[in-house]
Amino acid sequence: MPTVHWFRRDLRLADNPALVAAVEAARRADDAVVPLFVVDPGLWTAAAGPRVAYLARSLRALDAALDGRLVVRHGRPQDVVPAVAREVEAPTVHVTAATEPYGRRRDDAVAQALGDVPLVATGSPYAVAPGRLRTQQGSPYEVFTPFRRAWLDHGWSAPAPRPRSVPWADVRGDGVPDEPATTVDLPAAGEAAARRRWATFVADALADYDEDRDRPDLDGTSSMSVPLKYGELHPRTLLADLAGAGSSASVATYRSELAWREFHADVLWHHPDAARRSLRTVVPEDAWATGPAADDAFAAWAEGRTGYPLVDAGMRQLRAIGWMHNRVRMVTASFLVKDLHQRWQRGAEHFLAWLVDGDVPQNQLNWQWVAGTGRDAAPYFRVFNPVLQGRRFDPDGTYVRQWVPELRGIPGGAVHEPWKLPAAAAPDYPPRIVDHAQARAAALEAYGRR
DNA sequence: TACTTTTTAGG
DNA sequence: CTAAAAAGT
């Protein structure tokens, strides 16, 4: 009687406690493990975006690591998981615990449909499970810094060993679905590729992370958002490697970035509606721009033709490779909310549609942070100046020229203010759609009468 | 994880 | 007068 391991947000074999539990149960029963992946209906549609294309690639890599035995079935989990369990007469089904509230409800439905077969949820996609940490008063953490302190004090378990010589069951599936067409140039997918990228980062860039992570013109970040989103790597693995990398400022900063990720998961766990609604109202509803002019401005932002080089470079990088440097995500998001006066939800939706690492907790709560609507957010009056940010973090203009071909003829940091140059310098680059100083003043005025 | 304006220190 | 620090948005 083989046990079932249901892969969900854990497309990996290493450091996977739920898989370890499934393998142990199978060994006790002297039987095999069924590696199951459920394709939700509606995921592979005509509108499938770069995330689904990447998921298909990652599934293909997982299938290869399993010698072609990955069992992919289409349908709702509450239908598919019990069907497979009945088919192979599994005594238990193992899965990594859900984190989002909607995930927990789905698990309830699966557990109920399984009847007598237990659904064993082991571990979490996070180093510390969302909802675990509480203040001394027993309330959820609302502020990052005390959360991080508690998170560091709490600690986490060591990486789980990768199961060796697993007897994978030979069960027929529907096969890994075809990769939907996408214009996005996707990164290499799969657990092995993620491990290689991480090892390269630790060896080459971690020492300078504190200094270089805000520089979109350098390869100073780890690009782990994608593997973390799909569970190709577990944050515990990264934390264990960081512990072995000393105690420099760079290591502490990287660990702190992981803490932000866990904080956002924790906040969403406690406030499920934060995925859609502002946690705080900072400006009156009637202050947001709406109508055809706002729609035009949004399109200019989304397509990277605002006339602000750093904003346009970021938005074009997003469309080209499904990823944007974090510093530029903050600048472009600030521009939509505080220069174009549009609700963060609209921008978050666009990011989710294009980002390969698009993750509801991270995307929505980082947008709330920029918009100033989060619990522990940047104050609304903290407005990013796209020119100053460009001069500071892309001093030679390399990043802008990489993504905005119309500006390639302008050398150095002057590329951040093309309007100060003769019109012939960049004839094809669009003029500014708003004046930043005026737009900023208008945003602060709206904030003042909230 | 901003930026601008005002105030103050220092030569 | 300049630059740094502080205050305010």
| Side-chain donor-acceptor pair under 3.5 Å between A:Gln362 and A:Ser225, yes or no? | no
Just list the side-chain donor-acceptor pairs under 3.5 Å for residues 292-300 of chain A, sequence neighbours left out, or say none.
{"residue": "A:Asp295", "atom": "OD1", "partner": "A:Arg346", "partner atom": "NH1", "Å": "3.3"}
{"residue": "A:Asp295", "atom": "OD1", "partner": "A:Arg346", "partner atom": "NH2", "Å": "2.9"}

Compile the donor-acceptor pairs under 3.5 Å between side chains in residues 143-163 of chain A and protein atoms, sequence neighbours left out, one pair per line.
{"residue": "A:Arg148", "atom": "NH1", "partner": "A:Ser256", "partner atom": "OG", "Å": "2.6"}
{"residue": "A:Trp151", "atom": "NE1", "partner": "A:Glu262", "partner atom": "OE1", "Å": "3.0"}

| Going by the salt bridge (Lys or Arg N to Asp or Glu O under 4.0 Å) test, which pairs reach into residues 402-411 of chain A, not counting sequence neighbours? | A:Arg316-A:Glu406
| field | Spacing between A:Asp214 atom CG and B:dT1 atom C1', to the nearest angstrom | value | 7 Å
| request: Output all residues satisfying ring-ring contact (aromatic ring centres under 6.0 Å, His included) with A:Phe335, sequence neighbours left out; order by chain, then residue number. | output: A:Tyr308
| task | Please state whether the phosphate of B:dC3, meaning OP1 or OP2, lies under 4.0 angstrom from any side-chain nitrogen or oxygen of A:Arg391. | result | no
| So, are A:Arg106 and A:Asp40 salt-bridged, with charged N and O less than 4.0 Å apart? | yes
| request: Identify which nucleotide among B:dA2, B:dT4, C:dT9 has an atom closest to any side-chain atom of A:Leu444, counting heavy atoms from C-beta outward. | output: C:dT9
| field | salt bridge (Lys or Arg N to Asp or Glu O under 4.0 Å): pairs with one or both residues in residues 348-367 of chain A, sequence neighbours excluded | value | A:Arg9-A:Asp359, A:Lys229-A:Asp359, A:Arg329-A:Asp357
| said: I need the CG-C1' distance between A:Asp210 and B:dT1, as an integer number of Å. | reply: 12 Å
| Between A:Arg327 (CZ) and B:dT1 (P), how many Å, whole number? | 10 Å
| message | Can you measure A:His436 atom NE2 to B:dT4 atom C1' for me and round it to whole angstrom units? | response | 11 Å
| Hey, does A:Arg392 reach any base, or is it just sugar-phosphate, or nothing, if we go heavy atoms under 4.0 Å? | sugar-phosphate
| request: With sequence neighbours excluded, tell me which residues meet side-chain hydrogen bond (donor to acceptor under 3.5 Å, both in side chains) with A:Asp178. | output: none
Between the protein and nucleotides 2-7 of chain C, which nitrogen or oxygen pairs come in under 3.5 angstrom?
none

| request: Starting from P on B:dT1, measure out to CG on A:Leu310 and report it in whole angstrom. | output: 19 Å
| message | Once side-chain hydrogen bond (donor to acceptor under 3.5 Å, both in side chains) is applied, do any residues pair with A:Thr99, and if so which ones, sequence neighbours excluded? | response | none
| Nearest-Å distance for atom pair CE/P, residues A:Met324 and B:dT1 | 22 Å
| message | Tell me every residue that passes ring-ring contact (aromatic ring centres under 6.0 Å, His included) with A:His234, counting only those two or more places apart in sequence or in another chain. | response | none
| Could you give the OH-to-C1' distance, from A:Tyr447 to C:dT9, as a whole number of Å? | 8 Å
| remark: The dot-bracket string of DNA chain B, counting Watson-Crick and G-U wobble pairs with both distances under 3.5 Å, using [ ] for crossing pairs and | for pairs to another strand, is .|||||||||.
| field | Side chain of A:Phe393 - closest among B:dC3, B:dA2, B:dT1 | value | B:dA2
| said: If the cut-off is 4.0 Å, is A:Gln389 near the phosphate of B:dT1, judged by side-chain N/O to OP1 or OP2? | reply: no
| query | Within this structure, what is the CG-to-P distance between A:Asp212 and B:dT1, rounded to whole angstrom? | reply | 18 Å
| task | Scan residues 378-386 of chain A against DNA chain B and write down, sorted by residue number, each residue with any heavy atom closer than 4.0 Å; if none is found, say none. | result | A:Phe381, A:Arg382, A:Val383, A:Phe384, A:Asn385
| said: Tell me which pairs pass ring-ring contact (aromatic ring centres under 6.0 Å, His included) where either residue lies in residues 235-258 of chain A, with sequence neighbours left out. | reply: A:Trp198-A:Tyr254, A:Phe201-A:Tyr254, A:Tyr209-A:Tyr254
| task | Would you confirm whether the ring centroid of A:Trp369 sits within less than 6.0 angstrom of the ring centroid of A:His264? | result | no
